[in-house]
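Report on the following structure.
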Amino acid sequence: MRLFLTGGTGFIGSHVLAAALAAGYQVRALRRSSRSAPVIPLPRQPQWCEGDLLTLPASALEGVEAVLHLASAGVSPKQVPWAELVQANVAGSLRLLELAAEAGVRRCVVTGTSHEYGNAARRFAAIPPDAPLEPLSAYGASKAAAFQLLRTFAIQRRLELFYGRIFTAYGEGQFAGNFWPSLRRAALAGEDFPMTSGRQVSDFVPVAAVAAHLLEACTRPDVAPGRPLVANIGSGVATSLLAFAEAEWSHLGATGRLRPGVLPDRPDQIERYVPDLAGLRLPASPLP
């Protein structure tokens, strides 16, 4: 299968790229420059295109069977100006789908974020994919705005669109300031790990599972022209942050101590942020 991939040097995108190449797919991948590199080793190199979504030529998508769009600006905890969020996450995403339609690419797989739901999460034990979008962050708002445009564009142009909102992915290559890499570093160093109470409940999903779901979406037969399929991507297991930390601490053979409650919880913390996985196949089908 011939894929065009964006975000292939980011955390999740690197894992998707590595899995696609290992499965024998022909991948053309967009990166900003030759200095940009995936955060994990690849089994081989894709065909790299250099530049950004706003300057990408339509010829880059010629002969492609599916577009996988993972590039995104402002992923937590990184902060970028509002204008950059709109340019990258909204305008860039729309232009990519416009190029796909122009090049005759029928299947588009786009990643969203659980942050699009925001305050709506307070009203659901498990957030359905059609829940209202009430983002509480600039990043979540930009992704929600992009979703509305991409969904309508796909309906009007009869594209096959799979839109997957990713919950709490973790794994190798993740930004060092995120929870799991910080926990892992402390565990391997034999240090104590101070954290919040950890009472908030979420869905922690290994990044390899996320990659498998996204690659499967490139060929799923239930994604029809002009009928976008929206799904949450998670593990299907609701777990408190503390329980997750305890399991990983044990798995890593840590000799230090977990210290829950040392750091304060956020005053606006949403205590339960768990997805309804309707529309997601569990587990993801094995790669070809």
Side-chain angles (χ1 to χ4, degrees), residues 10-12 72-82 85 89 111-129 131-144 165-207 209-210 232-277:
F11 166 47
I12 296 175
S72 192
V75 179
S76 180
K78 300 175 184 178
Q79 301 290 323
V80 300
W82 282 85
L85 289 172
N89 297 345
T111 54
T113 171
S114 63
H115 295 286
E116 294 173 54
Y117 296 119
N119 202 53
R122 301 183 192 275
R123 304 197 295 275
F124 298 96
I127 310 165
L133 304 182
E134 301 174 8
L136 295 170
S137 66
Y139 170 65
S142 69
K143 295 293 285 186
R165 293 195 180 100
I166 301 170
F167 274 67
T168 310
Y170 68 94
E172 199 70 38
Q174 191 171 15
F175 180 67
N178 285 118
F179 184 83
W180 184 81
S182 300
L183 177 82
R184 181 175 183 268
R185 186 204 61 78
L188 297 181
E191 299 173 356
D192 289 353
F193 184 71
M195 58 179 289
T196 65
S197 69
R199 67 174 182 265
Q200 61 270 42
V201 176
S202 190
D203 183 309
F204 299 90
V205 56
V207 66
V210 176
N232 294 320
I233 298 179
S235 68
V237 179
T239 309
S240 73
L241 182 63
L242 179 57
F244 171 75
E246 289 172 339
E248 288 298 305
W249 201 245
S250 174
H251 174 72
L252 292 165
T255 56
R257 291 185 305 142
L258 282 178
R259 300 183 63 199
V262 171
L263 302 180
D265 291 334
R266 297 192 312 272
D268 60 346
Q269 178 173 285
I270 298 174
E271 297 297 328
R272 185 178 177 87
Y273 215 97
V274 173
D276 176 339
L277 299 185

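This one's a predicted model, so the numbers in the text were calculated from it and none came from an experiment.
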Salt bridge check: are E134 and R122 linked by an N-O gap of less than 4.0 Å? no
Checking the side chain of [X] only, and the main-chain atoms of [Y] only, is there a donor and an acceptor separated by less than 3.5 Å?
X    : Y    : answer
Y170 : P181 : no
Y139 : T113 : no
R199 : E271 : no
K143 : T111 : yes
R272 : V201 : no
D265 : S197 : yes
N89  : S72  : no
N232 : D276 : yes

Contacts of F193 that satisfy ring-ring contact (aromatic ring centres under 6.0 Å, His included) - sequence neighbours left out: F179
Please find the pair of heavy atoms, one from E116 and one from G140, that lie closest to each other, and give the distance. CG-O, 3.9 Å
Would one find more than 12 heavy atoms of other residues, nucleotides or ligands at under 6.0 Å from atom CD of Q79? no
Give the table of side-chain donor-acceptor pairs shorter than 3.5 Å for residues 239-254, with sequence neighbours excluded, one pair per line with atom names and distance.
from : atom 1 : to   : atom 2 : distance (Å)
S240 : OG     : A243 : N      : 3.0
E248 : OE1    : W180 : NE1    : 2.9
W249 : NE1    : G256 : O      : 3.1

